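Here is the structure we will look at, set down as structure tokens.
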Amino acid sequence: MERTRSAQSPPSDFIRQIVAADTASGRYGGRVVTRFPPEPNGYLHVGHAMGICLNFGIAEEFRGRCHLRYDDTNPEKENEEFVRSIERDIRWLGFDWGEHLCFASDYFERMYECAEVLIRKGLAYVDSQPTEAIREGRGTVTEPGVESPYRNRSPEESLDLFRRMRAGEFEDGAHVLRGKIDMTSPNMLMRDPVFYRIRHAHHYRQGDAWCIYPLYDYAHCLEDQFEDITHSICTLEFDNNRELYDWVLDNVGFAEPRPHQYEWAGLDLEGAVLSKRNIKPLVQARVVTGWDDPRLATIAAYRRRGVPPEALRLLAQLVGVSKTGARTEEAKLDFAIREVLNPLAPRVMAVLDPLKVVITNYPKGTSEEIDAAYFPHDVPREGSRALPFSGELWIERSDFEERPPKGFRRLVPGGEVRLRHAYVIRCDEVIKDAGGRVVELRCSYDPSTRSGTGAENRKVKGTIHWVSAPHALTAEVRLFGRLFLDTQHEAEVAEDGGVTAAPLNPGSLVVVRGVKVEPSIARDPADTRYQFERTGYFWRDPVDGAGDHLVFNRIVALKDTWAKRADVEVRATVTAEPVVATAKGADERPRPRAVDPVIAARSARYRDELGVAADHAETIAADPAFFEAALRTHANAPDVAAWIAVDLRGLLEGRALAELPFSGEAIGRLARLVQEGRTSRRAAKDVLARMVSEGGDPERLVETMGLAKVSDPAVLGGAVEAVLARWPEKVAEFRAGKSSLLGLFVGEVMKQTRGAADPEATKRLLAERLRS
RNA sequence: UGGCCCGUCGUCUAAUGGCAGGACACCGGUCUUUGGAACCGGCGGUGGUGGUUCGAAUCCACCCGGGCCAACCA
């Protein structure tokens with residue numbers, strides 16, 4: 001049972017759980033409708049890709065649908081190019097919105113009608129203050145706002161003004177439409193938010209049909225409503241907006257079941273510039289070559305770099321969905337890319353930093369062809385290519401060391417290595433130029449060691465890649481790294497619009513020219529993704545590598561445990577980081593909270609005279625009526641206090657005690673039932689939960705829910721035996737010393753008796769039974 | 001110093017009052033004509049203090065830490 005659940009179960013994050021629950025309860029009649037709502041004001045990035053996977057993924061899994069909806073309510077930032085790029089990116093990721101392509105701008109007329117409804121209800125008004133006055137009137141996070149002098153304009157006057165706003169009678173900024181909510185709300189967004197503003201601007205789809213445009217908080221929930229969205233998923237920073245989302249929908253008059261908003265953390269990828277606000281200036285100032293510069297984290301950039309879409313989808317799965325604002329390591333993306341490419345990419349050889357090797361005993365001027373498999377033994381794919389071999393080769397400069405470090409498994413003077421797919425060679429002579437730089441290696445090969453002949457299985461230290469010099473193609477290779485070394489620089493560029501570009505990571509783009517590649521690649525489709533053996537995954541740059549230009553992008557490097565080890569050794573000798581001892585253990589006792597003096601006095605009395613625990617006393621003192629009532633039916637103050645301050649409080653979900661469908665007396669009676677041993681405390685909690693949702697009488701509920709306490713050893717014993725029989729392996733584990741399993745057994749007995757069992761008695765029985 | 005959200009291995013994420021599990025990373029080993037892959041093993045976690053409970057990562061209180069909110073952007 002357990003085993004099957006572990007690896008292959010579909011991901012179920014908190015949002016999918018909500019969707020599943022809503023589907024099961026029939027809340028939306030089984031419908032699941034999500035949406036991906038980009039604003040067409042830039043290219044999508046990898047963070048959006050995660051949102052796309054979430055929204056389209058949920059729609060697929062629950063057999064619902066997902067709309068692609070452009071949130072195009074701001075005429076000044078949006079355009080057709082971005083619309084096209086977004087569609088291409090989503091399709092490339094492998095998702096399809098079918099016929100559900102939507103534009104917020106198509107709803108302008110309906111949104112306008114909703115605004116008139118709010119005005120007529122007295123819930124929206126036209127404000128004629130200048131922008132700065134509105135801003136100042138809003139107050140700050142710690143100070144309430146002040147009401148606009150236009151706030152009490154009659155609905156008739158607001159309606160007239162609003163219609164004239166639409167008709168184009170006013171200049172930009174002359175008036176706005178605001179919701180009439182609460183200028184003192186602790187949520188800034190509820191302080192009479194602006195719903196409409198005047199902008200005499202050309203909209204890329206609506207042209208000049210409109211000169212008033214709705215703002216996000218007003219528009220977005222209506223868009224969801226118009227499309228019958230069930231689950232409106234957005235990122236954490238919209239958390240504060242949810243209250244307004246609900247306000248608009250409720251007050252325009254949309255009834256349940258209506259759309260609801262849920263927030264998740266989104267993706268924060270280490271080393272990636274992840275906001276359109278920060279990417280745009282980089283593009284505009286030509287710090288990068290365009291929206292698809294492979295150093296960017298846009299979907300277009302990943303596509304151009306050669307990252308397969310499946311890798312991004314895998315990343316989404318690996319990262320998961322939660323509300324924890326968290327940063328994902330680059331290593332996870334790298335892993336996802338390799339994971340997808342490893343079983344797919346044909347292996348070929350390329351030498352990035354060539355060093356000449358002359359095979360002195362190979363017949364001069366001749367060559368031969370080796371049939372070399374495209375895939376290693378553990379990738380079940382067919383195919384091979386002809387690989388030319390000759391007496392002049394290129395090998396990687398880093399594959400030779402005159403003075404090898406410990407553990408070096410490559411070519412050294414007098415040493416041997418195997419050339420991948422070919423022969424074993426020995427380095428006989430090292431040739432240097434006047435500056436002492438190695439320029440050529442003179443080696444001899446052993447003709448009997450040719451790969452695949454099976455005749456020779458000589459043990460050599462290692463295998464290196466190579467390319468036959470006379471047959472080699474010359475290419476350019478581009479290696480990519482993160483754009484900025486730190487986020488400070490990223491912010492700088494965004495602030496100054498990219499004019500004075502902050503320093504880029506010098507390693508963000510490394511262009512390697514004179515790379516030697518085996519000739520077989522000339523015959524391959526241009527979009528082949530290769531593994532250059534021992535180096536990484538590459539493909540031809542679709543822009544600069546077109547036609548005869550051999551330009552390869554490195555998609556991701558291979559994992560390189562040797563380089564890592566060498567790197568560690570170097571760092572260890574260079575920087576011995578000072579260890580600074582920090583003083584710990586300073587007095588960190590919590591300070592008491594400031595409270596109203598009346599409440600404080602009451603709290604002290606509860607604590608000192610009635611023996612109530614201090615923090616319970618504090619909680620109860622704020623609202624004493626309920627507590628005092630409970631005391632009348634159950635005179636044990638500490639007990640009653642715990643029930644109210646702990647158990648009941650956990651069920652309140654923001655409601656006040658007075659709103660509950662039962663009285664203080666009732667909870668007192670419930671507490672008494674437990675103390676008298678007539679029901680278990682655990683069962684009483686279930687009763688309390690029922691009382692909170694439906695009201696009712698504790699004595700009768702204990703009866704009807706079948707929760708009268710069971711401590712009869714005969715009955716309990718039966719349940720115990722049943723549980724032990726069901727978990728033989730766990731019993732064995734327990735007896736082997738895993739004592740934490742006792743809780744599991746108790747829990748199972750409790751479950752079996754629906755919480756009625758006396759847990760103490762159960763525990764005693766269990767302990768006895770397991771000892772024997 | 002207002003309101004809201006969030007704190008689980010280094011990182012990401014499960015456990016929804018009952019066995020703290022998985023993945024990435026890292027470290028070892030096996031295997032290997034890629035220092036790749038695969039396989040095996042290891043390291044390592046509930047922010048703190050109290051409380052409720054037979055039993056707390058989970059519920060309650062306080063504290064600490066991080067994030068979001070004061071565009072006529074989304």
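All values derive from a computational prediction rather than experimental measurement. The sequence lines fix the lettering, A, B, ..., with proteins before strands; numbering per chain opens at 1.
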- Query: With sequence neighbours excluded, what pairs up with A:Asn342 under the side chain to side chain donor-acceptor pair (under 3.5 Å) test?
  - Reply: A:Arg347
- Query: From B:A74, B:G50, B:C60, pick the nucleotide closest to the side chain of A:Asn74?
  - Reply: B:A74
- Item | Distance between P atoms of B:A56 and B:U49 (Å, rounded) | 14 Å
- Query: If you round to the nearest 0.5 Å, how far is CD1 of A:Ile599 from CD of A:Glu618?
  - Reply: 9.5 Å
- Item | Which residue lies more 5' along RNA chain B, comparing A:Ala331 with A:Glu39 via nearest heavy atoms | A:Ala331
I'd like a table of atom pairs between the protein and nucleotides 67-71 of chain B - only N or O on both sides, under 3.5 Å - with the distance next to each one.
from: B:C68; atom 1: O2; to: A:Asn240; atom 2: ND2; distance (Å): 3.3
from: B:C69; atom 1: O4'; to: A:Asn240; atom 2: ND2; distance (Å): 3.2

- Base, sugar-phosphate alone, or nothing: which one does A:Thr762 contact when heavy atoms must sit under 4.0 Å apart? nothing
- Message: Under the rule for salt bridge (charged side-chain N to carboxylate O under 4.0 Å, His left out), what residues qualify as partners of A:Glu329, not counting sequence neighbours?
- Response: none
- To the nearest 0.5 Å, how far apart are CG in A:Leu244 and OH in A:Tyr218? 11.5 Å
- A:Glu39 to A:Asp71 - nearest heavy-atom pair and separation: CG-O, 3.5 Å
- Task: Determine yes or no for a side-chain-to-main-chain donor-acceptor pair under 3.5 angstrom, with A:Arg409 supplying the side chain and A:Val460 the backbone.
- Result: no
- Query: Ignoring hydrogens and angles, are the base of B:U33 and the side chain of A:Arg418 linked by a donor-acceptor pair under 3.5 Å?
  - Reply: yes
- Task: Write down the distance separating the P atoms in B:U30 and B:G44, rounded off to the nearest Å.
- Result: 23 Å
- Exam field: side chain A:Glu270 to backbone A:Glu330, donor-acceptor pair closer than 3.5 Å: yes
- At under 4.0 Å between heavy atoms, what does A:Phe375 touch on the DNA or RNA strands: base, sugar-phosphate, or nothing? nothing
- Task: Send over the distance from A:Gln752 CD to B:G18 P, rounded to a whole Å.
- Result: 17 Å
- Query: Should the pair A:Tyr445 and A:Phe389 be assigned to parallel (<30°), tilted (30 to 60°) or perpendicular (>60°) ring geometry?
  - Reply: tilted
- Message: By the 4.0 Å heavy-atom rule, please label A:Arg191 as base, sugar-phosphate, or nothing.
- Response: nothing
- For side-chain hydrogen bond (donor to acceptor under 3.5 Å, both in side chains), just list the numbers for A:Asn241 and A:Tyr216, CA-CA rounded to whole Å, side-chain angles, deciding distance to a tenth of an Å, and then say yes or no. CA-CA 10 Å; A:Asn241 302 60; A:Tyr216 173 84; 5.7 Å; no
- With a non-hydrogen cut-off below 4.0 angstrom, is A:Asp172 in contact with a base, only sugar-phosphate, or nothing? nothing
- Pick the C1' atom in B:A70 and in B:C4, then give their distance to the nearest Å. 14 Å
- Task: Indicate, with a heavy-atom threshold strictly under 4.0 Å, whether A:Gln129 touches base, sugar-phosphate, or nothing.
- Result: base
- Task: Please determine, for the side chain of A:Arg420, which listed nucleotide (B:A20, B:G36, B:U33) has the closest atom?
- Result: B:U33
- Task: Let me have RNA chain B in dot-bracket notation, would you? Count Watson-Crick plus G-U wobble pairs, both distances under 3.5 Å, and use [ ] for pairs crossing earlier ones and | for inter-strand partners.
- Result: .((((((..((((....[..)))).(((((.......)))))....(((((..]....))))))))))).....
Atom pairs, N/O to N/O, protein against nucleotides 52-56 of chain B, distance under 3.5 Å?
from: B:U52; atom 1: O2'; to: A:Arg681; atom 2: NH2; distance (Å): 3.2
from: B:C54; atom 1: O2'; to: A:Lys763; atom 2: NZ; distance (Å): 2.3

- Could you pull out all residues at least two apart from A:Met188 that satisfy side-chain contact (heavy atoms from CB on, under 4.5 Å)? A:Arg138, A:Val141, A:Arg191
- Task: Determine the Euclidean distance between corresponding C1' atoms of B:G47 and B:C31; express it in Å to zero decimal places.
- Result: 43 Å
May I have the list of side-chain donor-acceptor pairs in residues 125-132 of chain A shorter than 3.5 Å, sequence neighbours left out?
from: A:Tyr125; atom 1: OH; to: A:Asp192; atom 2: OD2; distance (Å): 2.6
from: A:Asp127; atom 1: OD1; to: A:Gln129; atom 2: N; distance (Å): 3.2
from: A:Asp127; atom 1: OD1; to: A:Ser148; atom 2: OG; distance (Å): 2.9
from: A:Asp127; atom 1: OD2; to: A:Gln129; atom 2: NE2; distance (Å): 3.0
from: A:Asp127; atom 1: OD2; to: A:Ser148; atom 2: OG; distance (Å): 3.2
from: A:Asp127; atom 1: OD2; to: A:Arg178; atom 2: NH1; distance (Å): 2.8
from: A:Ser128; atom 1: OG; to: A:Arg153; atom 2: NH2; distance (Å): 2.5
from: A:Ser128; atom 1: OG; to: A:His175; atom 2: ND1; distance (Å): 2.8
from: A:Gln129; atom 1: NE2; to: A:Ser148; atom 2: OG; distance (Å): 3.2

- Query: Does the pair A:Lys323/A:Asp239 count as a salt bridge with the N-to-O cut at 4.0 Å?
  - Reply: no
- Could you tell me whether A:Pro638 contacts a base, only the sugar-phosphate backbone, or nothing, with contacts defined as non-hydrogen atoms closer than 4.0 Å? nothing
- C1' atom, B:C24 versus B:C9: distance in rounded Å? 12 Å
- Item | A:Asp615 side-chain proximity, nearest of B:A61, B:C24, B:U1 | B:A61
- Starting at CG of A:Leu651 and ending at P of B:U58, how long is that distance when rounded to a whole Å? 16 Å
- 5' priority, RNA chain B, between A:Asn41 and A:Glu533 [closest heavy atom]: A:Glu533
- How many Å lie between CZ on A:Arg381 and P on B:A38, as a whole number? 16 Å
- So what does A:Glu270 touch, heavy atoms closer than 4.0 Å: a base, only the sugar-phosphate, or nothing? nothing
- Annotated protein contacts, base or backbone, on nucleotides 9-15 of chain B with a non-hydrogen cut-off under 4.0 Å, one of B, S, - each: -BBBSSS
- Report the residues that fulfil side-chain contact (heavy atoms from CB on, under 4.5 Å) with A:Thr235, sequence neighbours left out, ordered by chain and then residue number. A:Glu237, A:Phe238, A:Trp264
- Message: Once ring pair (Phe, Tyr, Trp, His ring centres under 6.0 Å) is applied, do any residues pair with A:His616, and if so which ones, sequence neighbours excluded?
- Response: none
- Query: Among all residues two or more places apart in sequence or in another chain, which pass the side chain to side chain donor-acceptor pair (under 3.5 Å) test with A:Tyr606?
  - Reply: A:Glu628
- Item | Selection from B:U32, B:A25, B:C72 that lies nearest to any side-chain heavy atom of A:Val194 | B:C72
- Message: Give me the distance, rounded to whole Å, that separates B:U46 from B:A38 when you measure between the P atoms they each carry.
- Response: 30 Å
- Task: With sequence neighbours excluded, tell me which residues meet salt bridge (charged side-chain N to carboxylate O under 4.0 Å, His left out) with A:Arg420.
- Result: A:Glu533
- Message: Please classify the nucleic acid contact of A:Tyr216 as base, sugar-phosphate, or nothing, using heavy-atom distances under 4.0 Å.
- Response: base
- Item | Interatomic distance at C1', B:A14 relative to B:A20, whole Å | 10 Å
- Base, sugar-phosphate, or nothing for A:His377, non-hydrogen atoms under 4.0 angstrom? base
- Task: Measure the distance from CG on A:Leu657 to P on B:C60 and round it to the nearest whole Å.
- Result: 14 Å
- Would you classify A:Lys738 as touching base, sugar-phosphate or nothing, given that sugar-phosphate means primed atoms plus P, OP1 and OP2, and contacts are heavy atoms under 4.0 Å? base
- Message: Rounded at 0.5 Å granularity, tell me how far CG in A:Leu54 sits from CG in A:Leu267.
- Response: 11.5 Å
- Looking across every strand, which nucleic acid part, if any, lies under 4.0 Å from A:Gly145 by heavy atom: base, sugar-phosphate, or nothing? nothing
- Task: Determine the interatomic distance between P on B:G50 and the same-named atom on B:U58; round to the nearest Å.
- Result: 14 Å
